[in-house]
Each structure stands twice: as C-alpha cells, then as structure tokens.
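Count residues from 1 along the sequence.
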Amino acid sequence: KELDWVAYVLVTIGALNWGLIGAFRIDLVQATLGTSPTLVQLTYILVGLAGLYSLYKMTMAKGNK
C-alpha cells in the first residue's frame with residue numbers, strides 16, 4: 001500500500017534524525033529545510049503522524065493473529 005510505504009519512509013527519516021541528534025547533535029531536518037520554518041514544522045508533524053499510523057498498523061496486525 002502506498003500509505004504504508006510513505007509512513008515507513010517518514011518513520012525511517014524520523015529515526016535517523018533522532019539518531020543523529022543523539023549521537024552528534026545534528027538535526028538533519030533543520031539542516032536541510034531550515035530556510036523554511038513552516039516546512040520544518042510540517043515535516044515533524046508528518047513524521048509524528050507516520051509514527052502513530054505505524055503503531056496503529058502494528059497493533060492491528062498483532063490483534064489479527
């Protein structure tokens with residue numbers, strides 16, 4: 001499904017970003033999109049929604065077994 005793929009990509013971006021922040025104090029989203037604060041905020045919101053969607057999908061898949 002396309003939505004699953006998009007969510008997976010966004011969750012991966014979020015995980016990599018948090019890993020970089022934790023290890024090197026580098027915010028990749030801010031570094032790449034920092035010229036547009038609105039775009040940075042939108043990216044963070046989309047990553048958060050993708051995480052919630054992925055959690056929902058995992059919970060539903062577990063319940064179907």
Check: residues 30-40 side-chain donor-acceptor pairs under 3.5 Å, at least two apart:
residue	atom	partner	partner atom	Å
T32	OG1	L28	O	2.9
T32	OG1	V29	O	3.3
S36	OG	L39	N	3.4

Pairs of donor and acceptor atoms involving the side chains of residues 5-14, under 3.5 Å and at least two apart or interchain, shall be tabulated with distances.
residue	atom	partner	partner atom	Å
T12	OG1	Y8	O	2.8

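For residues 42-60, the pairs satisfying side chain to side chain donor-acceptor pair (under 3.5 Å) are D4-Y53, D27-Y44, with sequence neighbours left out. The salt bridge (charged side-chain N to carboxylate O under 4.0 Å, His left out) contacts involving residues 35-55 comprise nothing, where partners must be two or more places apart or lie in separate chains.
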